[in-house]
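Counting convention: from 1, in listed order, for ligands and their atoms alike. In this text the structure is predicted, and so the values were computed from the model without any measurement.
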Amino acid sequence: MPKRRDVLKFGLLAGAAAALPVERLTSAFAQPATAAASAAPTIKLFETQLVVPPVLKPTHTIAGTDYYDITMRVAQQEIIPDLETTIWGYNGIFPGPTIRARRNRPIVIRQHNKLPSEAAVHLHGGNVPSSSDGLPGQEIAPGKDRHYLYPNRQQATTLWYHDHVHHHEAFNTYQGLTGLYLITDPAEDKLGLPSGKYDVPLVIQDRSFNADGSFRLPDPNLGEFAGEVAVINGRPSPRFTVEQRRYRFRLLNGSSADCLHELTLGSGDTMHVIGTDGGLLAVPVAVSKLPLAPSERAEVIVDFSKYPVGSQIVLNSSVFGTPMQLLRFDVVKSHSGHPKLPSKLVPIQRLKESQAKVHRDFQLNLDKARGEMVINGKSFDPDRIDIRPKLGSTEVWTIFNGETPDLPIPHVFHTHLVRFQILDRDGNPPAPFESGWKDSVTVMPGERVRIIMRFADHPGRFLYHCHLLGHADAGMMATMFVTP
Ligand code: C2O
Ligand code: CU
Ligand code: CU
């Protein structure tokens with residue numbers, strides 16, 4: 001496996017960044033225009049229609065387990081009208097096909113790697129056995145395949161799968177290796193939420209393009225790069241025709257770099273958050289502004305019944321103050337009634353600090369001297385076990401972003417295997433919309449976030465890392481071994 005450790009060092013970035021004003025450091029969106037950027041194709045907003053990724057059908061079912069086949073391959077896709085983009089896609093599409101799973105009904109996916117390099121598939125947010133987690137050492141060589149077993153013993157939620165080859169994670173994901181994995185269950189069914197064509201996934205990603213339509217990546221080794229074009233379900237700022245009724249949107253920020261979105265509706269109206277990373281909330285939470293960091297999911301209900309036919313409502317975002325228009329909703333007449341917004345969703349069992357016998361501290365920062373991204377001073381070593389949580393135990397983790405004001409880098413802390421609840425941010429309770437189940441949490445420079453989790457099943461080796469994939473590739477990742 002080619003090692004990119006050396007070229008991934010962040011020393012250069014740190015040096016270049018020091019010359020820029022502080023507010024520009026954290027996002028490549030603010031990079032000054034370069035010659036390459038001016039050669040980019042003209043992209044018209046809302047020119048294309050939103051595409052919803054197809055739902056994949058199982059190839060067969062044996063004893064209640066559904067079997068799927070996916071081939072990872074290089075393909076051409078029309079992302080910008082009349083231009084072809086070479087992508088790496090699950091089944092050759094970007095985003096990949098959506099898997100719809102049912103709670104307690106296992107799925108086995110056979111992944112064939114027809115890419116020119118190694119691949120590893122990780123089901124983000126999945127409570128899965130270690131052997132199916134996509135860990136270092138489990139890479140699929142070109143031409144080979146691997147079976148992943150997903151037990152789906154977890155509540156209804158929006159998960160996603162993406163590549164996880166260490167040192168290549170940001171690059172591979174940027175090339176297109178992302179897809180959705182939705183779990184449903186009876187508790188969710190009972191709520192009568194908008195379903196079918198009114199239940200729409202929106203995968204938000206950043207890309208940059210060359211004049212010929214190919215993805216632009218100034219340095220394929222530098223995963224920290226963020227594109228200036230918002231791509232929704234693989235199309236640049238598309239439009240979507242909606243009826244005058246309620247919709248459920250499953251938002252995923254699938255960006256590889258530091259695109260911390262803050263979503264708002266152009267109408268100024270609120271949306272109701274009904275779910276986050278690990279499942280539905282206890283009650284819907286009205287928000288007018290919704291932060292969504294890379295790898296986070298939020299499910300929202302948007303009510304278009306109050307807008308006259310012909311209205312156009314834009315889903316806006318701001319990334320470190322840079323405004324972006326992600327998607328336009330064009331309102332047409334509804335032909336049916338629409339479901340109510342339930343007042344209660346699903347009960348959430350609060351994990352109590354008093355149950356936790358183990359407390360751990362994690363400091364995340366850039367080690368400028370070594371040019372590496374580190375957790376507690378160490379960069380990732382696949383042969384080292386960093387912590388050993390005990391199966392059945394509850395733990396409280398304090399995540400501290402140790403970046404200093406001269407280089408204020410945000411981090412997004414993610415745990416494999418377990419979902420968690422946020423106890424507090426700098427001592428303050430989390431906002432209502434992030435008080436449910438999470439697997440990723442933004443930790444701003446100087447901030448301290450405490451999370452609580454229970455290791456209920458699956459012993460063995462798993463990872464935790466920063467989900468700005470360039471940071472993970474540069475070392476901000478560690479191994480936990482859950483001991484039986
Ligand atoms: Cu989406 Cu290791 O993560
Ligand atoms: Cu994960
Ligand atoms: Cu980070």
(request) State, to 0.1 Å, how close Val396 and Arg450 come at their nearest heavy-atom pair, and which atoms those are. (result)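 Where Val396 meets Arg450 most closely, the heavy atoms are CG1-NH1, 3.9 Å.
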(request) For this output row, return yes or no: ring centroids of Tyr464 and Trp397 closer than 6.0 angstrom. (result)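 Yes, close enough.
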(message) Taking the six-membered ring for Trp, are His166 and His164 closer than 6.0 Å centroid to centroid?
(response)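 Centroid separation for His166 and His164: 6.0 Å or greater.
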(request) Quick one: list whatever passes salt bridge (charged side-chain N to carboxylate O under 4.0 Å, His left out) with Asp66, sequence neighbours left out. (result)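 Asp66 satisfies salt bridge (charged side-chain N to carboxylate O under 4.0 Å, His left out) with Arg105 once adjacent residues are dropped.
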(message) Going by salt bridge (charged side-chain N to carboxylate O under 4.0 Å, His left out), name the residues that satisfy it together with Arg73, two or more places apart in sequence or in a different chain.
(response) none
(request) Show all protein N/O/S atoms under 2.8 Å from atom 2 (Cu) of ligand 1, or state that there are none. (result)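 Under 2.8 Å from atom 2 (Cu) of ligand 1 - ignoring waters, which are not counted - the protein N, O or S atoms are His164 NE2, His416 NE2, His465 NE2.
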(request) For the Cu ion (ligand 2), report each protein N, O or S atom nearer than 2.8 Å, sorted by chain and then by residue number. (result) His122 NE2, His414 NE2
(request) Flag the pair Asn316 / Glu262 as yes when at least one side-chain heavy-atom distance between them is below 4.5 Å, and no otherwise. (result) no
(message) Parallel, tilted or perpendicular, judged at 30° and 60°: which one describes the rings of Phe413 and Phe362?
(response) tilted
(message) Under the side chain to side chain contact (heavy atoms under 4.5 Å, CB included) test against Gln363, which residue among Asn376, Val374, Ile375 passes?
(response)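 Passing option: Asn376.
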(request) Among His471, His411, His416, find the residue that satisfies the side chain to side chain donor-acceptor pair (under 3.5 Å) test when tested with His465. (result)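 Exactly one option meets the side chain to side chain donor-acceptor pair (under 3.5 Å) with His465, and it is His416.
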